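Right, one structure below, let's go through it.
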Amino acid sequence: MNINQYIKDRSSVINKALNGFLPTPKTKPRMIHKAMRYAVFPGGKRIRPILAVAAFEACGGKDNKILPIACAVEIIHTYTLIHDDLPCMDDDDYRRGKLSCHKKFGEALALLAGDALLTLGFQLLAGSGKIDIVREVSMAIGTGGTIGGQVEDILKQKPRKKELDYIASHKTGELFGVSVKLGGMLMDADKKKIDSLCNFGKNIGLTFQLVDDLIDGDGYTKLYGIQYVKRMAALLNDRAKSDLGIFGKKADKLSAIADLILKRKI
Ligand code: GRG
């Protein structure tokens, strides 16, 4: 199966699973469930859950038991987007091509929808029965991860290289890293494989951020210029793919996704 078909296939499975995991819009209190579903559907690229599935498969996983975990990662990612868009943060009126959650439902409901998605994410992770999985995600999105990155981003008006590295690796890299790592953890892969998956994930997370800055012309691009950022992104992509050596051909899909991220074809 070629990589585009693979992504289409796995996205469709993930979307169906997400639909089943989220409370229906008729479940009371209806408004919060409507707001949660509004933010999750139709959704974005679903990169993080696709990566979790591809990592699970690279470790020999074949069934659907990865789905609650892959969906948890997407649900938690959606919480960060809702909160990031709030007036007290980035103050964005649009997200994923439509009104942001607070513009549609008001600030209080959007805040609660974000909280509810975060909570639901952990409920799904807990279903794996693996406390390490719950711990790893907590660490990746806590003050030593996503939240830490967001705090630095808010506080630093003109970040220099060291600060930009901190922001990108925490805000973007940690969630990518843990998404990939979870696939291996669920399969009880050995430490060497799990570390390789995590390094791969963090490196493609940084590549993703660099490419994002190239498109937006801010962050790294403002500091270094287009050519330098392109070279850095290509270097990180190489480094990420070399982390996969231990998996041989089983990691072909992960490697192909890394290339799509570099070219922003996903
Ligand atoms: C509010 C706790 C908290 C954290 C916010 C992740 C984040 C931190 C903010 C989101 C805004 C942002 C520009 C983050 C950098 C990472 C990034 C480019 C996220 C967007 O991810 P995509 O492109 O989104 O995968 P889709 O919509 O495709 O899922």
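In listed order, ligands and their atoms are each counted from 1. Every value quoted in this text rests on a predicted model; they were computed, and no experiment measured them.
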Which other residues belong to the hydrophobic cluster containing L206, where Ile, Leu, Val, Met, Phe, Trp and Tyr are joined when side-chain heavy atoms lie under 4.5 Å apart, directly or via other members? L164, L210, L214, Y220, L223, Y224, I226, Y228, V229, M232, L236
Classify the ring geometry between F176 and F208 as parallel (under 30°), tilted (30 to 60°) or perpendicular (over 60°). tilted
Does the salt bridge (Lys or Arg N to Asp or Glu O under 4.0 Å) test come out yes or no for K191 and D195, once each step is laid out? CA-CA 6 Å; K191 185 176 175 332; D195 287 347; 2.5 Å; yes
Tell me whether D92 contacts the main-chain N or O of Y94 through its side chain, where contact means a donor paired with an acceptor under 3.5 Å. no
Tell me whether the rings of Y166 and H170 are parallel (<30°), tilted (30 to 60°) or perpendicular (>60°). parallel
Cation-pi check, K65 onto F56 ring (under 6.0 Å, within 45° of axis): no
Those protein residues which place at least one heavy atom below 4.0 Å from ligand 1: G44, K45, R48, H77, Y79, T80, L81, H83, D84, R96, T146, I147, Q150, K171, T172, F208, Q209, D212
